[in-house]
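Keep in mind that this is a model prediction, so the values were computed, not measured.
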Amino acid sequence: MPGWFRRDHGVASQATAQPPASTTDTPSVDDLLGVDPYIDALVRFVDTCHRPMTIAVQGDWGSGKTSLIHLVLDRLERDHDADVVTVETWRLAQFDQSGSIALNVIETVTHAVTQDDPDARAALDTLLVALRAGAGMAFDLAAGAAGATIGGWSRDLLQATRAAAVEEFRDTPAETIERLRTDFRTAVARRQARTGRRPVIVVDDLDRLEPARAVEVMEGLKTILESPDLVFVLAIDFDVVAEGVRARYGATMDEAKTRAYFDKMIQVPFELPVGVYRVGPLLERALGDADQHDVDAAALTDLAQFSVARNPRALKRLVNSFALLRTIAEAQLPDPTTAQRGLFALLALQAAHPGYRSRMQLAGAAAVRSGLLDHAVLLESAPDGLDAESRAEALTRWQVAETDAVDLARLLRAVHDALPADPDALARLLTITSVTSVRTGGPAASSGGPRRLDLDDRLEATRRLGVPEATLDTAAALERAVADALPGGRDTLQGALAPEKRQWVWYAGEGRGRLAELYFARDRLNVYFGSRGWPEAERVDLEPRIRELADRHGWEFSLGPSGTLFRLRGVAGSSGDPAPTDHALTDLASVLARCSALSRP
């Protein structure tokens, strides 16, 4: 079973199986991460701690919580003869019809504990039916065919226990819960006496539930199933608990209150030691699992180290994308080594920092390599230094946390060194790697279609196309003037960039047609607007006004071939020409604001 941890089940056919064409996301047990000392410490603690005890294994999605838990379970069962029960809450939630995932989890645990104790199971089942009914969750026994499940309970079981449950319905919910607690503790003690093994309950995937439901499960475990003989191991992160607590109890639950809540539920938090993960063995295993045995993993380790080293799932996705696109890259680039390293570099950046990678695509191949070094220098500057404002704006624009700035700077330098110097080769790699990017709406940047971006992002991307700063200043000033003149205000105007055409496109509101197009020619800025869909009377009325505007400010006016497109060339000239006055831009903005009423979806 491919993965970061491997458990050998002794299946004879595995020895002759062909290597898979990709690496899968299944957890297993074989310590490639290099965290044995942490695992051994957790195993010893679970085996010897005073009970009751609840431990939370914490970490981001994909950082290895389930894999680590599998390794802990393997060693507890193998070396300490622990009695382990595992509950996968996310799978239970997919088939939850009762509306209470907490009761479904409690039922799953009670059934596992009493699997060899039918009398205890019958008693607990009766109490659970009573508890569901007391909570207003009685089931429709008339629904479904005989033997069907309703809310996780079989129809036959519900019918068989209904008569006995009638007596339990007379208790208050609090009385039923107390009886359930007492009977469950008795069942746990009987199981331990019968097996001679200490029970450990593992509740996995809690942080894949909606946060409020995850908190509901934690409260159910604490209220009903806490036992002097039990250790609970929960896969859940503090941030999920905090969000769930606020959802259940209101926004007044500030960080201090949610921390107090977490500390009450969890006696020992265990944070995954992602900072010590060994990326080399991880990468080598992933490449092997993806049938990329001929790739030099050592040559790619630095790129993986600064991008996805703390997230094994992301590394697997990176390797799968590499395996998918490698053949295409090697067919289009003459040097296979350059193709492999350049491809992996762009995919690593895409996996770790998609916000930066998407803006890199817009910049165009010619500006990419120099931009990588410029941005690395900016990130390496002091957060409170001379470039503090630019640095903070860049982190926000790229959606990068301050804590990740140093690693991103290192990654940008490694990517720079890995990319081919030839702009044509780099352009091919940019296009190839965009195939596996996650689209967030709008056309792909490589397609040539305009992509909607805010003004700051468009300015940065257009600057990297080699457009003079004075021309950019005019374009930005004109956009602000148009936005102020629109009836709906500044929020109405939306802008997009088509880098291959060196073009901005303005839209006069969501769902409306194009208002205008700005073309950044080599030595001037041109503004085009108009449409065949405009009423003829409006177009005829506008034409003399636009001609007069062009004459007054020294712009070149012409009509498009169909006679419906107005073209103003030279709105901004080369760096040596004077910039248009504020009055000129305001005049043009007034015309475009009038045109906005004519722009149709």
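Note that OG1 of Thr86 and CD1 of Ile69 are 8.5 Å apart. Values are rounded to the nearest 0.5 Å. Atom CG of residue Leu378 and atom CG of residue Leu373 lie 12.5 Å apart, to the nearest 0.5 angstrom. The CH2 atom of Trp504 lies 5.0 Å from the CG atom of Leu455; values are rounded to the nearest 0.5 Å. The structure places CG of Asp457 at 10.5 Å from CH2 of Trp398, a figure rounded to the nearest 0.5 Å. Atoms CD and OH, from Gln305 and Tyr277 in turn, are 13.0 Å apart once rounded to the nearest 0.5 Å. Remark: Arg213 CZ to Thr89 OG1 distance equals 10.0 Å, nearest 0.5 Å.
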Check the pair Val72 / Val200 against side chain to side chain contact (heavy atoms under 4.5 Å, CB included), numbers first and verdict last.
CA-CA 11 Å; Val72 169; Val200 177; over 6 Å; no

Worksheet entry | Working for side chain to side chain contact (heavy atoms under 4.5 Å, CB included), residues Glu479 and Leu493 | CA-CA 8 Å; Glu479 176 163 328; Leu493 185 66; 3.6 Å; yes

### Task
Report the C-alpha separation of Arg75 and Asp79 in whole Å, then their side-chain angles, then the decisive distance to 0.1 Å, and conclude whether the salt bridge (Lys or Arg N to Asp or Glu O under 4.0 Å) test is met.
CA-CA 5 Å; Arg75 296 188 185 183; Asp79 301 334; 5.7 Å; no

> Going through the checks in order, is the side chain to side chain contact (heavy atoms under 4.5 Å, CB included) test met by Leu230 and Phe184?
Replying inline: CA-CA 11 Å; Leu230 280 183; Phe184 178 73; 3.6 Å; yes

With side chain to side chain contact (heavy atoms under 4.5 Å, CB included) as the criterion, how do Gln399 and His353 come out once you've worked through the C-alpha distance, each side chain's angles and the decisive distance to 0.1 Å? CA-CA 8 Å; Gln399 301 171 11; His353 300 288; over 6 Å; no

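What you find for Leu103 and Leu128 is that their closest heavy atoms are CD2-CD2, 4.4 Å. The nearest pair of heavy atoms linking Ser63 to Leu272 is OG-CD1, 3.3 Å. When all heavy atoms are compared, the tightest approach of Phe262 to Ala56 is CZ-CB, 4.2 Å. Residues Val215 and Val245 approach most closely at CG2-N, 3.8 Å, considering heavy atoms. Smallest separation of non-hydrogen atoms from Val113 and Arg191: O-NH1, 3.1 Å. Residue Ala376 comes nearest to Arg413 through the heavy atom pair CB-CG, 3.8 Å, listed as atom of the first residue, atom of the second, then distance.
Judged purely by atom type and a 3.5 angstrom limit, Gln267 uses its side chain to pair as donor or acceptor with the backbone of Thr54. When atom types are taken as modelled, the side chain of Arg185 and the backbone of Glu226 share a donor-acceptor pair closer than 3.5 angstrom. Of the possible polar contacts, one joining the Asp237 side chain to the Gly59 backbone as a donor-acceptor pair under 3.5 Å is found. Although no hydrogens or angles enter the test, the distance criterion places no donor-acceptor pair under 3.5 Å between the side chain of Arg198 and the main chain of Ala82. Side chain of Arg179 to backbone of Leu127: no donor-acceptor contact under 3.5 angstrom is found. In this structure, Gln58 contributes its side chain and Pro269 its backbone to no donor-acceptor pair below 3.5 Å.
Residues Glu178 and Arg181 are paired through a salt bridge, judged by an N-O separation under 4.0 Å between the basic side chain and the carboxylate. Between Lys264 and Glu219 there is no salt bridge, since no side-chain N of the basic residue sits under 4.0 Å from a carboxylate O of the acidic one.
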For residues 46-53, please give each side-chain donor-acceptor pair under 3.5 Å, one per line with the distance, not counting sequence neighbours.
unit_1: Asp47; atom_1: OD2; unit_2: His80; atom_2: ND1; d: 3.2
unit_1: Thr48; atom_1: OG1; unit_2: Arg44; atom_2: O; d: 2.8
unit_1: Arg51; atom_1: NH1; unit_2: Pro199; atom_2: O; d: 2.8
unit_1: Arg51; atom_1: NH1; unit_2: Asp229; atom_2: O; d: 3.1
unit_1: Arg51; atom_1: NH2; unit_2: Val46; atom_2: O; d: 3.3

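The aromatic rings of Tyr249 and Tyr261 sit tilted, their planes meeting at an angle between 30° and 60°.
In this structure, Phe306 and Val279 have side chains that are not in contact, with every pair of non-hydrogen atoms separated by 4.5 Å or more. In this structure the side chain of Phe344 reaches within 4.5 angstrom of the side chain of Leu283, judged on heavy atoms. In this structure the side chain of Asp74 never reaches within 4.5 angstrom of the side chain of His70, judged on heavy atoms. A heavy-atom distance below 4.5 Å is not found between the side chains of Ile201 and Leu221. A heavy-atom distance below 4.5 Å is found between the side chains of Leu349 and Leu408. With contacts defined as side-chain heavy-atom distances shorter than 4.5 Å, the pair Ile101/Val217 qualifies. Side-chain atoms of Arg357 and Thr433, non-hydrogen and from C-beta on, do get closer than 4.5 Å to each other. Between Lys316 and Arg285, the closest side-chain pair of non-hydrogen atoms is not below 4.5 Å.
Partner of Lys65 under the salt bridge (Lys or Arg N to Asp or Glu O under 4.0 Å) criterion, out of Asp207, Asp60, Asp205: Asp207 alone. The side chain to side chain contact (heavy atoms under 4.5 Å, CB included) with Leu379 is formed by just one residue from the set Asp407, Leu411, Val406, Leu412; it is Leu412.
Within 6.0 Å of atom OH in Tyr38, 12 or fewer heavy atoms from other residues, nucleotides or ligands are found, so the atom counts as exposed in its surroundings.
With sequence neighbours excluded, no residue forms a ring pair (Phe, Tyr, Trp, His ring centres under 6.0 Å) with Phe232.
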